Amino acid sequence: MARSKVVLAYSGGLDTSVAIPWLREEKGLDVVTVTVDVGQPVDLEAVRAKALASGASTAYVADAREEFAQEFLRPALCANALYEGVYPLSTALARPLIARRLVDVARREGAGAVAHGCTGKGNDQVRFELSTQSLAPDLEVVAPAREWSMNRDEEIAFAGRHGIPVDATKRSPYSTDENLWGRSVECGILEDPAVEPPEEVYAWTRSPLEAPEEPARLTLGFEEGVPVSLDGTAVPFHELIGTLNRLAGEHGVGRIDHLESRVVGIKSREVYECPAATVLLEAHRALEALVLPRDLLAFKRTVEQRYGELVYDGLWFGPLRSSLEAFVRATQERLTGEVAMKLSKGRATVAGRRSAASLYRAGLATYSEGDRFRREMAEGFIYVWGLPSRTWASVARPSARPVALPPAGRP
Ligand code: ARG
């Protein structure tokens, strides 16, 4: 009888490689691997070969960069999504896409389970499993690295016994994750939140101190909230992100040191490098400030915060996300225009913005020639707007001295 199958999310790293023989031996399962390119520097063919060499019966690889950009990063950018005000959610956004691929392959292969290499302490196990439960409640989830009790040296020994190549030169004290939207680093010296991250943790960004003296200037063209061009040339979104990661990284833009509140209740110290996300979020917010009215901007900020939390919490495939996204999409209809950005010494700043849907009126804003604002109306406006404040102030607090009532006729 054929053994039942499990579909494993496979990165090519030590944990997921060791998971292949472990799933075969401990669980008696036939292992099919899935490796998804979401923009991490990965040689898909080498990863496929390693999966097969480690004992996988079939190894799927897929380039999902465009899908990641269009279906996950685009709504996240339109929602200005940040967790705890600083983290652009790079890792969190890729997990539901990978889970969806696992489910697709599980269906195609007739597998009864999926597996991931996450430990029991992080957010990613939550994201993989909640996504899988939402898409395929009947599938089982196996988490080898949560079950086995091997430490890193034991894993390396286990890998050796199973003929899995371990690249000793790549051994680093840090745990990293990368995709188009950013790179995350944890462990090692970073576990002491009092210590400044050493320069060696960074791979995508130059130190702002060593960035070029001459700033880089670029103009981003947006259509309905999504960047579509760079300096006047149309560029597919996923390619634009790659270009900006290199350019902004050169200028030291996008380093984030986050004392983060994990969904499993643990505080952790994470370092991120998100050059493109930093530039694009800054530019996108600048265009919104020009095009959206005050009440909509303020209300949208509350939606954005909730959206960021739910993405972090692994609830991508839930109805709150799709409902909030419907609101966000409606806010982006007029978000067409251009934003000029300046990258210099670790900072991405808005240099200028323009849009046909701009609410800015020079005749209203100016303090010089051509002022069309009817300032005589301001006095009446302030009288009415201030009425509640004056009424409130006129009522004496029981403990306070009595307040003189205003003259009759001026309540
Ligand atoms: N803490 C981040 C998150 O939950 C990233 C974790 C990524 N994993 C890593 N090994 N750095 O989204």
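Not measured: the values here are computed from a predicted model. For ligands, and for the atoms within them, numbers begin at 1 and follow the listed sequence.
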Any side-chain heavy atom of Arg301 sitting closer than 4.5 Å to one from Asn80? yes
Inspect the contact between [Y] and [X] and indicate whether a charged nitrogen and a carboxylate oxygen are less than 4.0 angstrom apart.
X      : Y      : result
Arg48  : Glu45  : yes
Glu282 : Arg353 : no
Arg285 : Glu304 : no

Give the residue and atom name of whichever protein heavy atom lies nearest to [atom], and the separation in Å to one decimal.
atom                    : result
atom 4 (O) of ligand 1  : Asn123 ND2, 2.6 Å
atom 10 (N) of ligand 1 : Ser175 OG, 2.5 Å
atom 9 (C) of ligand 1  : Ser184 OG, 3.5 Å
atom 12 (O) of ligand 1 : Tyr87 OH, 2.5 Å

Given that the side chain starts at C-beta and the backbone is N, CA, C, O, which of these parts of [X] lies under 4.0 Å from ligand 1, counting heavy atoms, or is it both or neither?
X      : value
Tyr272 : side chain
Arg262 : neither
Arg95  : neither

Hey, is CD on Glu66 packed in by over 12 heavy atoms from elsewhere, all under 6.0 Å? no
Is atom CZ of Arg321 surrounded by more than 12 heavy atoms (other residues, nucleotides or ligands) closer than 6.0 Å? yes
Decide whether an N or O pair under 3.5 Å exists between Glu260 and ligand 1.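 Yes; at least one N/O pair falls below 3.5 Å.
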Flag for Thr205-Glu273: side-chain donor and acceptor within less than 3.5 Å: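 Yes, because at least one side-chain N or O of Glu273 sits under 3.5 Å from a partner of the opposite role on Thr205.
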Which atoms of ligand 1 sit under 4.0 Å from any heavy atom of Glu186?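 Near Glu186, meaning under 4.0 Å from one of its heavy atoms, ligand 1 has 6 (C), 9 (C), 10 (N), 11 (N).
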Give the atom numbers and elements of ligand 1 that come within less than 4.0 Å of a heavy atom of Arg127. 3 (C), 4 (O), 12 (O)
